[in-house]
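Worth knowing before you read on, the calculation uses all heavy atoms, side chains too, and leaves out hydrogens, waters and symmetry mates. The chains referred to below are lettered A, B, ... by the order of the sequence lines, with proteins before strands, and numbering in each begins at 1.
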Amino acid sequence: MNLFAHFQGVVANAVETLVGQGKLPACLDLSKLTAEPPRDATHGDVAVNAAMVLAKPAGMSPRAVADLLVPLLVSDPDTAAVTVAGPGFINIKLKDSFWPRVLQAALGQGDQFGSSKIGSNQKVNVEYVSANPTGPLHVGHCRGAVFGDALASLLKFSGYDVTKEYYMNDAGGQVNVLAESAYLRYREALGEDIGEIPAGLYPGDYLKPVGEALAKEYGKSLLGINDWLPLVRDKSISMMMDMIRDDLASLDIKQEVFFSEKSLQADGSVAKAIAKLRASGDVYEGRLPPPKGEVNEDWEDREQTLFRSTALGDDVDRALLKSDGSFTYFASDVAYSQNKIDRGFKQLIYVLGADHGGYVKRLQAVASALAGPGVVQVDAKLCQLVKLFRNGEPVRMSKRAGEFVTLRDVVDEVGPDVVRFMMLYRKNEAPLDFDFAKVTEQSKDNPVFYVQYAHARICSVLRNAEAAGLKSDAKIDFNLLTDEAEKALILRIAAFPRVIEAAALAHEPHRISFYLYDLASDFHSLWNKGKELPQLRFILQDQDNISLTRLAFLRVIRYCLANGLGLLGVKPASEM
RNA sequence: GACUCCGUAGCUCAGCUGGAUAGAGCAACGGUUUUCUAAACCGUCGGUCACAGGUUCGAAUCCUGUCGGGGUCGCCA
């Protein structure tokens with residue numbers, strides 16, 4: 001249960017009661033009404049902005065609105081006191097008996113604590129990675145991969161019907177280059193000296209197994225023929241996708257749908273989607289102004305088939321057909337968008353690199369044109385660059401052969417949990433520095449370690465508890481948790497569902513990482529307080545009720561940590 | 001030139017879709033350990049939220065403009 005959402009409802013009901021009594025005018029907009037944790041804990045437990053938001057539309061002073069609301073809120077069974085403060089905040093102080101119920105409920109929910117139904121089973125498509133199937137994933141793909149996966153988990157946990165998807169660009173010119181590169185490796189596998197890989201082809205060693213596989217499967221039969229390309233291309237793509245899936249598996253990422261661009265062209269979907277847009281007047285024949293910025297020698301002024309994306313907020317209209325009559329990449333995306341709409345998705349989330357920023361508006365324009373304005377929500381999450389460092393020194397990468405750091409290199413060096421946590425310890429719009437030395441350091445400077453250490457400490461106490469042998473008639477009574485440090489933790493725990501919901505609505509999984517850090521900090525504080533004040537320790541000799549209560553408390557904290565880490569895709573450590 | 005992201009403490013960053021006196025960590029300084037994991041904790045110091053306007057009860061947050069930094073601007077994918 002999200003207690004803040006609960007009290008927002010309580011306040012909304014109170015307002016409606018007042019409207020019913022004629023004390024407040026009807027048709028007030030309640031959408032801006034919030035209930036949130038006050039900045040300063042001395043103000044109470046829940047801060048409500050109702051009086052300030054409603055004052056103007058009601059034609060009253062905030063104070064007058066508050067005076068109407070306070071009596072109704074005081075009568076709520078959970079409130080101990082209601083005060084009006086500052087510019088018109090209504091601060092609710094909850095009864096002491098409220099918090100034990102929160103802990104009890106959290107304990108009962110266990111690994112579901114923090115989950116919600118705010119998604120109402122709405123169908124959401126999260127498309128991420130979608131790297132060209134021409135080689136292994138590099139470190140640049142890492143962030144989007146982890147981000148997309150965590151966002152999908154977060155949305156599932158929040159009650160959305162989520163599909164995790166990868167779009168395979170298996171139709172363009174890149175995969176023909178891949179095929180030519182693989183064909184060279186095939187000839188090499190048959191014993192031919194192929195020399196240097198020509199410029200423009202993919203030089204990486206990872207294509208050698210493709211050549212060998214082709215040699216094994218077809219012998220020399222592909223040498224004499226002219227139409228080897230489609231066959232080699234399909235085989236290469238298939239093997240590259242297997243490799244990419246392996247790379248993703250190393251981060252424990254498994255997408256449910258791998259959607260083929262080629263299939264859209266093959267089954268006529270692209271032509272159909274374009275025809276639909278032409279019928280609605282969104283596609284026309286026309287000319288484009290030359291591109292700004294760098295001069296492009298290939299630019300040619302000609303009449304072409306264009307999507308009227310400027311009508312929907314884009315900078316220029318977008319071409320759908322190349323001069324040779326084949327579809328552009330964007331044309332496939334029109335059909336792909338239609339396909340997603342047809343599958344019933346109400347939200348299309350694209351996790352993209354920052355270099356795709358210019359693509360966002362046309363994706364939104366296409367969805368709007370195909371489904372109607374506002375019918376499907378398109379949210380593009382742009383992940384900024386990851387800069388790699390080794391002991392403070394930037395890791396140099398060049399695009400020449402062998403000098404790029406692969407996703408696998410990073411995962412193999414620091415482990416999947418560290419990669420996942422660190423990639424989510426920044427909001428996606430912020431650039432991220434990733435230092436191999438720092439992220440594996442075992443100290444509080446390293447947030448991954450800090451959070452894991454809290455979890456391990458809890459597990460350690462729970463192990464010790466088994467040896468302590470508590471009496472079987474001991475009872476859990478969360479009213480026994482009265483210390484300031486304990487209360488701080490209880491408040492933090494109570495905020496967990498709200499953090500998850502807010503992160504899900506904002507599509508910002510990084511909020512969970514920061515929450516977990518704060519939670520770990522509260523826990524470490526309590527732990528150390530127990531060093532000075534032995535009565536605050538978790539297991540007390542001959543005080544089985546309080547010991548059992550504190551152990552249950554620890555289990556609730558552990559659920560928060562484990563559930564939060566689980567959403568990030570990080571495995572909690574039970575010892576370190 | 002256009003679009004887009006960013007600009008918050010000496011450094012790295014949060015800031016809960018507009019709330020009350022702007023928060024953490026690092027660095028600096030001081031303290032805590034016969035103890036359930038000190039791999040930790042507590043305290044002090046540190047701010048013109050880039051700048052200028054606007055919107056309103058109220059702005060780091062929204063709008064406009066300026067400055068500074070990153071990214072993008074193809075019939076590529």
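- For the pair A:K262 and A:D234, the salt-bridge criterion is met [side-chain N within less than 4.0 Å of a carboxylate O].
- Of the side-chain N and O atoms in A:K531, none sit less than 4.0 angstrom from OP1 or OP2 of B:rC36.
- Put simply, A:W527 has no side-chain N or O that comes within less than 4.0 Å of OP1 or OP2 on B:rU35.
- Nearest nucleotide to the side chain of A:L288, out of B:rC75, B:rA77, B:rA40: B:rC75.
- The aromatic rings of A:Y359 and A:F330 sit perpendicular to each other, their planes meeting at more than 60°, with 30° as the lower class boundary.
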Point to revise | From CA spacing to verdict: ring-ring contact (aromatic ring centres under 6.0 Å, His included), A:Y517, A:Y450 | key: CA-CA 7 Å; A:Y517 186 89; A:Y450 189 73; 4.7 Å; yes
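- For the C1' atoms, the distance linking B:rA22 with B:rA59 amounts to 12 Å, nearest Å.
- Between A:K438 atom NZ and B:rC26 atom P there is a gap of 12 Å when expressed in whole angstrom units.
- Which of B:rG71, B:rA77, B:rC36 sits closest to the side chain of A:V461 comes down to B:rC36.
- One interatomic measurement links the two molecules: OH of A:Y359 to C1' of B:rG71, which rounds to 17 Å at whole-angstrom precision.
- Rounded to whole Å, the distance from CD on A:Q452 to C1' on B:rA40 is 16 Å.
- Of all nucleotides listed (B:rG19, B:rA20, B:rU37), B:rA20 comes nearest to the side chain of A:N91.
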Exercise for review: Might you work through the ring-ring contact (aromatic ring centres under 6.0 Å, His included) test for A:F307 and A:Y284, ending with a clear yes or no?
Suggested key: CA-CA 7 Å; A:F307 169 57; A:Y284 69 103; 9.4 Å; no
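- The gap from the P atom of B:rG25 to that of B:rC42 amounts to 8 Å, rounded to the nearest Å.
- Atoms CD (A:E532) and P (B:rG31) sit 15 Å apart, rounded to a whole Å.
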Study note, to complete from the structure: Nucleotide by nucleotide, nucleotides 9-18 of chain B touches protein heavy atoms under 4.0 Å in the pattern (B base, S sugar-phosphate only, - none) ---SSSSBB-
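- In the model, A:Y329 has no side-chain atom that pairs as donor or acceptor with a side-chain atom of A:Q174 under 3.5 Å.
- Considering only side-chain N and O atoms, A:K529 lies nowhere under 4.0 angstrom from the phosphate OP1 or OP2 of B:rU35.
- Sequence order on RNA chain B of the closest nucleotides to A:Q304 and A:A85 puts A:A85 first from the 5' end.
- Comparing B:rU66 with B:rA27, their P atoms are spaced 41 Å from each other, to the whole Å.
- Rounded to a whole angstrom, the distance from the C1' atom of B:rC75 to that of B:rU4 is 24 Å.
- Across B:rC75, B:rA24, B:rC36, the shortest atom-to-atom separation from the side chain of A:Y517 is found for B:rA24.
- Here A:F89 does not lie in a stacked arrangement on the base of B:rG19, lacking the combination of planes under 30° and ring centres under 5.5 Å apart.
- Taking the P atoms as reference points, B:rA60 lies 8 Å from B:rC49, given to the whole Å.
- Comparing the C1' positions of B:rC3 and B:rG74 gives a spacing of 16 Å, expressed to the nearest Å.
- The phosphate of B:rC5 (OP1 or OP2) has no side-chain N or O of A:N428 nearer than 4.0 angstrom.
- Salt bridge A:E501/A:R511: absent, no basic N to carboxylate O contact under 4.0 Å.
- Note on A:R318: every side-chain N or O is 4.0 Å or more away from OP1 and OP2 of B:rG74.
- Of the candidates B:rC75, B:rU4, B:rC57, B:rC75 carries the atom nearest the A:R302 side chain, counting heavy atoms from C-beta on.
- Remark: B:rA28 base-pairs with B:rU44; criterion is Watson-Crick or G-U wobble with both hydrogen-bond distances under 3.5 Å.
- Toward the 5' end of RNA chain B, the nearer of the two residues A:H524 and A:N169, judged by each one's closest nucleotide, is A:H524.
- Side-chain N/O atoms of A:S332 and A:E261 include a donor and acceptor closer than 3.5 Å.
- Side chain of A:Y450, nearest nucleotide from B:rC5, B:rC41, B:rA38: B:rC41.
- Checking B:rU56, B:rC5, B:rG71 against the side-chain heavy atoms of A:E429 singles out B:rC5 as nearest.
- Rounded to whole Å, atom C1' of B:rG74 lies 11 Å from atom NZ of A:K322.
- Taking 4.5 Å as the limit, some side-chain heavy atom of A:I500 sits within range of a side-chain heavy atom of A:F496.
- For the C1' atom pair drawn from B:rU55 and B:rC63, the interatomic distance equals 7 Å after rounding to whole Å.
- A:S460 has a side-chain polar atom (N or O) that falls below the 4.0 Å cut-off from OP1 or OP2 of B:rU37.
- Annotation: side chain of A:Q535 is not in contact with side chain of A:Q543 (no heavy-atom distance under 4.5 Å).
- Between the CG atom of A:D315 and the C1' atom of B:rC3 there is a distance of 5 Å, rounded to whole Å.
- Taking atom CD of A:Q8 as the reference point, atom C1' of B:rG19 lies 14 Å away to the nearest angstrom.
- In this structure, A:H43 atom NE2 and B:rA20 atom P are separated by 10 Å, rounded to whole Å.
- Using atom C1' as the reference point in both B:rA28 and B:rC36, the two lie 33 Å apart (nearest Å).
- With B:rC75, B:rG70, B:rC41 as the choices, the nucleotide that has an atom nearest any side-chain atom of A:Q384 turns out to be B:rG70.
- Looking only at side-chain heavy atoms (C-beta outward), A:Y202 and A:M240 stay at 4.5 Å or farther from each other.
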